[in-house]
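Written out below as structure tokens is the structure these notes cover.
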There are 2 protein chains.
Amino acid sequence: MKVLKIPEATVIRLSVYSRYLEQVRRKGTSTISSEEIARGVGVSSAQVRKDLAYFGDFGTRGVGYNVIELYGHLMKILGLTRQWQAVIVGAGKLGSALAMYAGFAQRGFKIVGVLDSDQHKIGQKLEDLYIEPFENLGSVVAQHKAEIGIITVPAEVAQNVAEAMVAAGIRGILNFSPRSLNLSDDIVVRNVDLSVNLEILSFYLGSRK
Amino acid sequence: MKVLKIPEATVIRLSVYSRYLEQVRRKGTSTISSEEIARGVGVSSAQVRKDLAYFGDFGTRGVGYNVIELYGHLMKILGLTRQWQAVIVGAGKLGSALAMYAGFAQRGFKIVGVLDSDQHKIGQKLEDLYIEPFENLGSVVAQHKAEIGIITVPAEVAQNVAEAMVAAGIRGILNFSPRSLNLSDDIVVRNVDLSVNLEILSFYLGSRK
DNA sequence: TATTGTGAATTTTTTCACAGCC
DNA sequence: GGCTGTGAAAAAATTCACAATA
């Protein structure tokens, strides 16, 4: 095992492996081979072994991987052995749904604030949170030590919101707006443009009939 | 220009270029260089030219690309000059938000049905749609000629829902559940696991401080 | 025997750099 | 003079294939 730059595709797959293992673990299986993991998530077994080898020798030749152990390693690698605090800016349909989405909490991501600049939305309740004025961003981030920001505002204001987040101390941004953000490169950004994903389906559907 | 296999990364970028051009077009700019597009979306200009070259010679040497023309080409390539009908199965937080999400309609994707098997949800109104029983899947798909299915159900039932979609005639699936789907390979599948994206942020945030 | 870990080979993707053209 | 289109070069990611070993 050598330490070097990890392909982003590897990081994505590690996250996928970890969920698959979580599920395998619940069934009580104690040992698993790279071949089984591969089948479970739809990649090659060599790929699984290569991905894992970036981080250590987790398996036993002739036997496979201990499910609980490997799961633990992956959670550690992914930084999921702690809780992360996140704020959402943009309390439209998507932002509100994400604020209440159970999937995030299950993996240790806690939404500590939902902000918007629309007077009509401010004060509305989303489960146990109230929508707050965007101006509160700095204090919410500071108070809850949030490090992750989720952007669900229209494209036109995404850059401004991103800059405000960075000024407030946010270090990583999940950007649902269809606008590429221009930020200092010590800020980690992931773009999740939902329409892009439908458009990719459209491309492949269109060209095959 | 040669016709050969298009990298998926290229398809993703084409979708991103098309949105950037839409925005440029609204400002009234008539001509744009690969360098400007590159800056606008955060890739290299050679990448932009290479991506476009898979599909044709759209530019003029010494001048650049005609914005409206190039936009039209991209929309055509992506299969977005028509409307697509889509059904959503799973009317939880996420599914309900997606059903009302304006971003899809803006790009020609029309949600024609939202289905769930929970008696408490059936009959509820989501803007101009009513949540229908999952059993209606076949008839909804047939009636509206839906070709795209969006899965927002829990992991345990995702595979079943996917198979029912395929049986109903769906050809492309956007899968928001954290489970890899096992389907005949003439079905186009895109996985959009929202937690995976947060976990990737977590990985990069964790390893840099 | 079964399965990992990993160099080497292969394939894919990106970048370079410049001829060709407006 | 400026910018595209594209072969060639470089870099990155994946697959192969097998020695190592429980």
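Note: hydrogens, waters and symmetry copies are ignored here, and every other heavy atom, side chains too, is used. Sequence lines set the chain letters: A, B, ... in the order given, protein chains first and strands last, and positions in each chain run from 1.
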**Message:** Any residue in residues 64-73 of chain A with a heavy atom nearer than 4.0 angstrom to DNA chain C? Just list them by number, or reply none.
**Reply:**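 Heavy-atom contacts with DNA chain C come from A/G64, A/Y65.
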**Asked** Which ones in residues 15-47 of chain A lie close to DNA chain C, meaning a heavy atom under 4.0 Å from one of its atoms?
**Response**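 Those residues are A/S33, A/S34.
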Could you give the side-chain donor-acceptor pairs of residues 70-81 of chain B under 3.5 Å, partners two or more places apart or in another chain?
residue	atom	partner	partner atom	Å
B/Y71	OH	B/E22	OE2	3.2

**Asked** Under 3.5 Å, is there an N or O donor on one side and an acceptor on the other linking the side chain of A/R61 and the base of C/dG5?
**Response**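 In this structure, the two groups form no donor-acceptor pair.
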**Asked** Below 4.0 angstrom from OP1 or OP2 of C/dT14, is there any side-chain N or O of B/R13?
**Response**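 Yes, within the criterion.
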**Message:** Within the 3.5 Å criterion, strictly below it, is a donor on A/R107 or A/S18 matched to an acceptor on the partner's side chain?
**Reply:**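 Yes - a donor-acceptor pair under 3.5 Å links their side chains.
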**Residue closer to the 5' end of DNA chain D, A/K50 versus A/T60 (nearest nucleotide)** =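 It is A/K50 whose nearest nucleotide is closer to the 5' end.
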**Request:** Go through the steps to decide whether A/S45 and A/R49 satisfy the test side-chain hydrogen bond (donor to acceptor under 3.5 Å, both in side chains), and finish with yes or no.
**Result:** CA-CA 6 Å; A/S45 66; A/R49 296 196 297 278; 3.3 Å; yes
**Item:** B/R49 CZ - C/dT14 P separation (whole Å)
**Value:**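 So the two atoms are 15 Å apart, to the nearest Å.
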**Item:** Candidates C/dT14, D/dT14, C/dA17 - which lies nearest the side chain of A/A9
**Value:**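 Closest nucleotide among those given: D/dT14.
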**Asked** For the side chain of B/D57, counting heavy atoms from C-beta on, which of D/dG5, C/dT14, C/dT6 is nearest?
**Response**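 The answer is D/dG5.
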**Asked** Given the rule in the salt bridge (charged side-chain N to carboxylate O under 4.0 Å, His left out) test, do A/E199 and B/R190 qualify, once you have shown the distances and angles that lead to the verdict?
**Response** CA-CA 10 Å; A/E199 291 177 19; B/R190 294 280 310 166; over 6 Å; no
